[in-house]
Asker: 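Please see the structure below; I have some questions.
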2 protein chains.
Amino acid sequence: MSQGVEWGLHCATLLAQVPDGALVRREKLAQHYGLPEPYLAKHLQALVRADVLRAVSGPRGGYGLARAPELINALDVVEAIEGSAPAFTCKEIRQAGTGALSPEQCLRPCVINSVMTQADNAWRSSLRSVTIADLTHRLPKWVRKHNVDVLTEGA
Amino acid sequence: MSQGVEWGLHCATLLAQVPDGALVRREKLAQHYGLPEPYLAKHLQALVRADVLRAVSGPRGGYGLARAPELINALDVVEAIEGSAPAFTCKEIRQAGTGALSPEQCLRPCVINSVMTQADNAWRSSLRSVTIADLTHRLPKWVRKHNVDVLTEGA
DNA sequence: CTGTTGTGGATGACTAGTGTCCGCAATATA
DNA sequence: TATATTGCGGACACTAGTCATCCACAACAG
């Protein structure tokens, strides 16, 4: 899995901690976690397109959450960066080779595909059950204070 | 996710269907699903190393299940091929950059890592709950007959 | 108008997955 | 024991996706 997921999750959680939904510049965001700014830009763009973050150009611009942190879950962030395609894709090999089944014999979905899909759904449900707000609340409050202090210093 | 997972799951399920745990040659296995035999060999080797399949060399040799199909679950097969490492790996970016936390401040695991790990566990639990025996039982019996017929013809 | 900031595309390096090949080891049969 | 068959293991290309950077363009505040 792409490390951009970790970046996106951390950035979204961080943006949920700034007071009054203030905007944070990309440079500041990158420096806060020691990330390469040009590449981080790519992932932030994906998050904006997925309506997880909002971006404002120009001076006093930057990034912020597009919605209330209670309305954004971890799956939103992960899918924005990794895409929503399931990790497992059935190639229907049961329809190939000497043991091939005809298309009429394959009206029922492949049992292996079903099992993998079920596992994928369990994974997605787990991520969907956690919101960005949950993530911030699980942080010790002195960590939240630390983050806000770092972000607002020199502002 | 590697397509070898699909191959391994199908092959394990197929081997569970042959009567008396008879061995099936690699060539036969590859032809049954129209797979490239040399590459399939790689994945079969991994399954043997993981004690999912057993292999016998020489004439009358081939592959069979290493254990009873009730004692092999889907996760065993997936991990044998994909490895057991979780898809998400935390790079601890909270300890880097201007917002870095000191190692003493990071005694608690990263909340984002926790969430991803929890989702990963849900995925693994889902796969672990399904055995190879379950997979064969979910197949229509005329499919099982079809597979056995194809495998035993010319034998 | 001007400087600041994000957007989108083009580009390249690097890693992992895909696929093949060949010599070696193991085994059943004559 | 000799031989043919079969799986094992490593070496080798090819491909796709990730990682990373750069630059011209658009949007915006003072």
Side-chain angles (χ1 to χ4, degrees), chain A residues 1-8 11 15 22-31 33-66 78 80-83 85-89 91 93 96 154-155, chain B residues 1-8 11 15 22-31 33-66 78-89 91 93 96 154-155:
Chain A
M1 172 165 312
S2 165
Q3 64 178 15
V5 169
E6 182 177 10
W7 300 2
C11 286
L15 289 173
L23 299 177
V24 179
R25 284 185 300 118
R26 186 205 299 158
E27 182 192 19
K28 202 108 184 168
L29 224 35
Q31 287 174 349
Y33 290 119
L35 305 176
E37 196 206 329
Y39 188 32
L40 175 63
K42 278 288 172 343
H43 294 308
L44 293 176
Q45 286 173 33
L47 290 167
V48 170
R49 271 194 293 269
D51 198 40
V52 169
L53 300 186
R54 68 196 174 94
V56 177
S57 292
R60 315 289 301 169
Y63 295 89
L65 293 184
V78 172
I81 291 170
E82 285 284 294
F88 178 88
T89 52
K91 294 288 203 330
I93 64 175
Chain B
M1 169 163 314
S2 166
Q3 64 177 15
V5 169
E6 183 178 9
W7 300 3
C11 287
L15 290 173
L23 300 176
V24 179
R25 284 185 302 120
R26 186 205 297 159
E27 182 191 20
K28 203 106 183 169
L29 224 36
Q31 287 174 349
Y33 290 120
L35 305 177
E37 196 207 327
Y39 189 31
L40 175 63
K42 280 282 160 36
H43 295 308
L44 293 177
Q45 286 173 32
L47 290 168
V48 170
R49 272 192 293 267
D51 198 41
V52 169
L53 300 187
R54 67 194 175 94
V56 177
S57 293
R60 314 289 300 171
Y63 295 89
L65 293 184
V78 172
E79 286 191 335
I81 292 170
E82 286 282 296
S84 53
F88 179 87
T89 53
K91 294 288 204 329
I93 64 175

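Order of the sequence lines sets the chain letters (A, B, ...), proteins ahead of strands, with each chain counted from 1.
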Asker: Under the side chain to side chain contact (heavy atoms under 4.5 Å, CB included) rule, collect the residues that match up with E27(A), sequence neighbours excluded.
Answerer: R25(A), Q31(A), E37(A)
Asker: Counting only heavy atoms and a strict 4.0 angstrom limit, can you tell me which residues of residues 44-54 of chain A come near DNA chain C?
Answerer: Q45(A), V48(A), R49(A)
Asker: Minimum heavy-atom separation for T89(A) to E6(B), with atom names?
Answerer: O-OE1, 3.7 Å
Asker: Please tell me if the side chains of L53(A) and C11(A) come closer than 4.5 Å, counting only heavy atoms from C-beta onward.
Answerer: no
Asker: Between L35(A) (CG) and dC19(D) (C1'), how many Å, whole number?
Answerer: 13 Å
Asker: Measure from CD on E27(A) to C1' on dG6(C) and round the result to the nearest Å.
Answerer: 13 Å
Asker: So which atom in S2(A) and which in H43(A) form the shortest heavy-atom distance, rounded to 0.1 Å?
Answerer: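 Residues S2(A) and H43(A), closest heavy atoms: OG-CE1, 4.1 Å.
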Asker: Do you know which two heavy atoms are closest between L23(B) and G64(B), and how far apart they sit?
Answerer: CD2-N, 3.8 Å
Asker: Do you know which two heavy atoms are closest between L15(A) and V24(A), and how far apart they sit?
Answerer: CD2-CG2, 3.6 Å
Asker: Here's a test of your reading of the structure: between K91(B) and R25(B), which maps to the more 5' nucleotide of DNA chain D?
Answerer: R25(B)
Asker: Can you give one letter per nucleotide of nucleotides 11-27 of chain C, 5' to 3': B if a protein heavy atom sits under 4.0 Å from the base, S if only from the sugar-phosphate, - if neither?
Answerer: -------BBB-----BB
Asker: Work out which heavy atom in A80(A) is nearest to a heavy atom in L47(A); give both atom names and the distance.
Answerer: CB-CD2, 3.7 Å
Asker: If every non-hydrogen atom of G4(B) is compared with every non-hydrogen atom of I81(B), which pair is closest and at what distance?
Answerer: O-CD1, 3.2 Å
